[in-house]
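When a residue number appears, it is its place in the shown sequence, counting from 1. Just so you know, these numbers use all the heavy atoms, side chains as well, and skip hydrogens, waters and symmetry mates.
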Amino acid sequence: MLFKPDSTDDEKSTAPRKRSLVSRVLGRMVSLLITLVILGGLGYLGWLAFQPKQNGGGGRGAGARPDLPVPVLAATPQVHDVPVYLDGVGSVKALNTVIVRSQVDGKLLKVKFVEGQDVKKDDVLGEIDPAIYQAQYDQAVATKAKDEALLANQKIDLARYEQLAASNAGSKQQADTQRALVAQQEAIIKADQAQIDNARTTLGYTKIVAPIAGRAGLRQVDQGNIIHASDTTGLVILTLLQPIAVWFSLPQQQIMRVNAAAAKGQLAVDVFGNDGVTVIDTGKLTGIDNQVDPTTGTLKLKAELPNASYQLWPGQFVNVRLKVETLPQVIVVPTSAVQRGPAGTFSYVIGADNIVTAKPVTVTQQNEHEAVIASGLTTSDRVVTTGFANLADGSKVVVGKDDGPPAADLAPRKRSRNPDGKNPDSKRGAQGDGSSKDQGKDQGKDQGKDQGKDQGKDLGKDGQQDGQGKNGEHRGQREHSEGDQKGQTGPTPAAGGEQSGGAPKAQP
């Protein structure tokens, strides 16, 4: 018998499936909601943890009260003479340099100086074998002696001939001829004397002497070698170090200023040391070049310095400043007091009730330390030198005392310990360690349980294999155990916690 199946049976079979689907959706929504709540709580705790650090930076932040006075340092303008300098870069050169060469050829028998020694003028630096030149000198002396003897005989004959000519016993021509022979012999003797002088000078060249006073350099020829007058290196180089010269350059735009200053009198030149701040020597300007270097557009100048302590050395590069004039009795403020804005330079002036006002100023010149003010300030004003970060026109300030820069710690300070040998910071580290353990443990338990149960229920309700549900339970238990372990270990303890508080804690 055919019959139509009752529709109520189908509805009864599909109803459990619908309820299972709804419960699964609701379960996922609940787990998602719990996760969001946990993440939101953790984010809020993190924000609270970082909030004190952001507000505790030491400066005036966005939450600072605008009505509080701004701490600043102030200074009063001073009046005194200010020198005007032109800075340049130059090199040190010896005021006099001589290559000591031999003037004759021969064997170098002795070297009578020490490398780096200060020698005086006409000091003997070396000796050449004088044998040949001594023989030449002796030969010239002997030749002169022979000619002098011949001249003496000729003079006697001249006297005899003149007597005979006077008594008409002899001819006058013979007397005149004898007189010419005597004059000729006298000329020969003068030539002999010149030969003697030449030989004596040549013999003197066998001793090499210092032509100037200075410092000897490195020896170029060793003892025992043959030295020649044509050698380019010579025996040694002498340099005059006291005084010493400095050649430096200035831009061509300063030519008129330098010439005008030089026409008024002697200009002082300062040379700085390696630090660029300390003046190691002061001298005078001795020369200005007669043309500008077209390749660099600079003008060369020469200065002479005493170099009393040998601070300067030939070939050394130095920073130089040339004093061209002095500004008499001008207003001077620290360079830090001059600020620059869109409208130009200005300074904050502290007025009544410690209210600052921005006043425009005109700066004549300035360096890293002080600025010369042409207009805008008086000696009765007080200008702000430090504390511009939170300063504005009309702000109220409190003026502090400049007691000098604070001393910086060259090394970390030693940690103090209690009598029991533990660092007092270890208690705070232990407390932080315990709180981090509790938080990590609770979070690990909650996350592990919720994730494991939800995954197991969903897989079981969908009709999947029971083993997958069990795997979900096992996975949840494993995450739960990892959460417990993380919660118990907690983050890395703070410095001075377990390390300085004795033996480390045992891990469960």
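Between V333 and L377 there is a side-chain heavy-atom pair separated by less than 4.5 Å.
In this structure, F317 places its CZ atom where only 12 or fewer heavy-atom neighbours from other residues, nucleotides or ligands lie under 6.0 Å away.
Each of L285, T286, V320 was scored for a side-chain contact (heavy atoms from CB on, under 4.5 Å) with L301, with one residue passing: L285. Among I208, D105, V104, the single residue meeting the side-chain contact (heavy atoms from CB on, under 4.5 Å) criterion with I227 is I208. No option in D122, N96, V119 other than N96 meets the side-chain contact (heavy atoms from CB on, under 4.5 Å) test with I212.
Although no hydrogens or angles enter the test, the distance criterion places no donor-acceptor pair under 3.5 Å between the side chain of Q220 and the main chain of G234. Between the D231 side chain and the H228 main chain, a donor and an acceptor come within less than 3.5 Å of each other. Between the side chain of R101 and the backbone N or O of T232 there is at least one donor-acceptor pair closer than 3.5 Å. At distances below 3.5 Å, not a single donor-acceptor pair connects side-chain atoms of N367 with backbone N or O atoms of A371.
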Distance-only donor-acceptor pairs under 3.5 Å for side chains of residues 182-190, two or more places apart:
unit_1: Q185; atom_1: NE2; unit_2: D147; atom_2: O; d: 2.9

Residues 345-359, side-chain donor-acceptor partners within the protein, below 3.5 Å, at least two apart:
unit_1: T345; atom_1: OG1; unit_2: V361; atom_2: O; d: 2.6
unit_1: S347; atom_1: OG; unit_2: A337; atom_2: O; d: 2.9
unit_1: N354; atom_1: OD1; unit_2: R382; atom_2: NH2; d: 3.4

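Side chains of D275 and T278: a donor-acceptor N/O pair is present below 3.5 angstrom, by distance only. Side chain to side chain, D270 and T282 meet the donor-acceptor criterion of an N or O pair below 3.5 Å. Inspection of the T295 and D293 side chains reveals an N or O donor paired with an N or O acceptor under 3.5 Å.
Closest approach of I99 to T233, counting heavy atoms only: CG2-O, 3.3 Å. Listed here is the closest heavy atom pair of A308 and Q242: O-NE2, 3.0 Å.
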- Item | Test log, rule side-chain contact (heavy atoms from CB on, under 4.5 Å), inputs R257 and L86 | CA-CA 10 Å; R257 195 172 187 180; L86 298 179; 4.1 Å; yes
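With Y85 as the aromatic partner, R321 meets the cation-pi criteria of under 6.0 angstrom to the ring centre and within 45 degrees of the ring axis.
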